[in-house]
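Data block below; observations after.
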2 protein chains.
Amino acid sequence: MTHQRQVVFEEILKMKSHPTADEIYERVRKRLPKISMGTVYRNLEILASSGLINKIEPGHSQMRFEGNVRDHYHITCIRCGKIEDAEIEPLDDTLLNLENALGRLTKHGIFAHKLEFIGLCKACRAKEGDFIEPGEDD
Amino acid sequence: MTHQRQVVFEEILKMKSHPTADEIYERVRKRLPKISMGTVYRNLEILASSGLINKIEPGHSQMRFEGNVRDHYHITCIRCGKIEDAEIEPLDDTLLNLENALGRLTKHGIFAHKLEFIGLCKACRAKEGDFIEPGEDD
DNA sequence: CTAGGTGCAAATCATTTGCCGGGGC
DNA sequence: GCCCCGGCAAATGATTTGCACCTAG
């Protein structure tokens, strides 16, 4: 754990949100003005693969990271791309049961799932009168 | 619906799998040797937004497309990236109940979810004796 | 004629990598 | 000295876009 890596790690923990690599870069740069994007990416990769942080790959757009490595789901805002945590418990049991019932778990080597909720964050909801949610047409 | 668009559409329907843009491009090029990647992308975008095909954005790597627009889930192979359909029904009810029970559905504008199973496809399982699944350590 | 669609090539954007120099052991 | 790491800049790879042309209505 080098100094740079430590700072990257600390900043992610401090942010509590789900920042993109360049948001992290900006933060870190305030403490280490000479750090480069390459270093940030390298360290994010290392931190993620050692399990200290979590790398989130939302459909499309860039990766995001978080300090919360507990197993949980996310809510992604279609509008601004912000990610929030969804406070529901992991569905492993529900899904395992479903998969087992279908006899598929043994056929496929399934050992994980990713569940992502799609919606609008509070800020974007507030701004929106004009937004038509898909499938909301009454 | 131009000729090129029609061909792109037809090839996707024929493929039944979950091809990437360049797999589609290769196929289409056999019928329209002069077509360009740009055109393929443009038409994939148009077909997807008109609902004729489905654009899949698996975490990381490139986008994939499918002709099956019915609501369903996918199983992504970590090894080769191939996508298969998961034959379980959409969990809307389960998830709506969970979200409602938590009183969150009203706070967040959630109107969709994406569930992706992570595993190994049959081909990759066959090749693997050496692969250690995360969390499989008995 | 007009608009949209195409082919081509160049641009974009996030991410990765090569290279070299430096610090710790 | 050896190695890992960081800074920098250039490379990569998927996707997008600008532009000029063309073709159908």
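What separates CE of A:M63 from P of D:dA14 is a distance of 13 Å, to the nearest Å. The NZ-P distance, from A:K55 to C:dA14, rounds to 16 Å in whole Å. When rounded to the nearest whole Å, the span between NE2 of A:H3 and P of D:dG7 equals 10 Å. The CE atom of A:M37 sits 15 Å away from the C1' atom of D:dG6 (whole-angstrom rounding). Protein atom CG of B:N43 is 12 Å distant from nucleotide atom C1' of C:dG4, rounded to whole Å. At whole-Å resolution of the value, CD1 in A:I24 and C1' in C:dA14 are 13 Å apart. In this structure, A:I46 places its CD1 atom 13 Å from C1' of C:dT16, rounding to the nearest Å. The NZ atom of A:K34 sits 12 Å away from the P atom of C:dG22 (whole-angstrom rounding).
Taking for each of B:M1 and A:G38 the nucleotide of DNA chain C with the nearest heavy atom, the 5'-most of the two is the partner of B:M1. Of the two residues near DNA chain C, B:T39 and A:D22, the one whose nearest nucleotide lies more 5' is B:T39.
Put simply, the side chain of B:R5 and the base of C:dG4 share no donor and acceptor less than 3.5 Å apart. For B:R29 against C:dG7, a side-chain-to-base donor-acceptor contact under 3.5 Å is absent.
Partner of B:E11 under the salt bridge (charged side-chain N to carboxylate O under 4.0 Å, His left out) criterion, chosen from B:R27, B:R29, B:K16: B:R27. Applying side chain to side chain donor-acceptor pair (under 3.5 Å) to B:T76 and the options B:E116, B:H18, B:K82, B:E84 leaves one that passes, B:E116.
Side-chain atoms of B:Y41 lie closest to D:dA14 of the nucleotides D:dA14, C:dT15, D:dG7. Here the side chain of A:I35 is nearest to one of C:dT15, C:dG7, D:dG7, namely D:dG7. The nucleotide whose nearest atom lies closest to any side-chain atom of B:R42 is, among C:dT17, C:dT15, C:dC8, C:dC8. For A:Q62, taking side-chain heavy atoms from C-beta onward, the closest of the listed nucleotides D:dT15, C:dT15, D:dG6 is C:dT15. Among the nucleotides C:dT17, C:dA14, D:dT15, the one closest to the side chain of B:A21 is D:dT15.
Nucleic acid contact for B:Q4: sugar-phosphate only, since backbone atoms but no base atoms lie under 4.0 Å from a heavy atom of the residue.
OP1 or OP2 of D:dG6 lies within a sub-4.0 Å distance of a side-chain N or O belonging to A:T2.
Taking CD of B:E10 as the start and NE2 of B:H3 as the end, the distance is 8.0 Å to the nearest 0.5 Å. To the nearest 0.5 angstrom, B:H113 atom NE2 is 8.5 Å from B:T94 atom OG1. Annotation: the span from B:S50 atom OG to B:M1 atom CE amounts to 7.0 Å, rounded to 0.5 Å.
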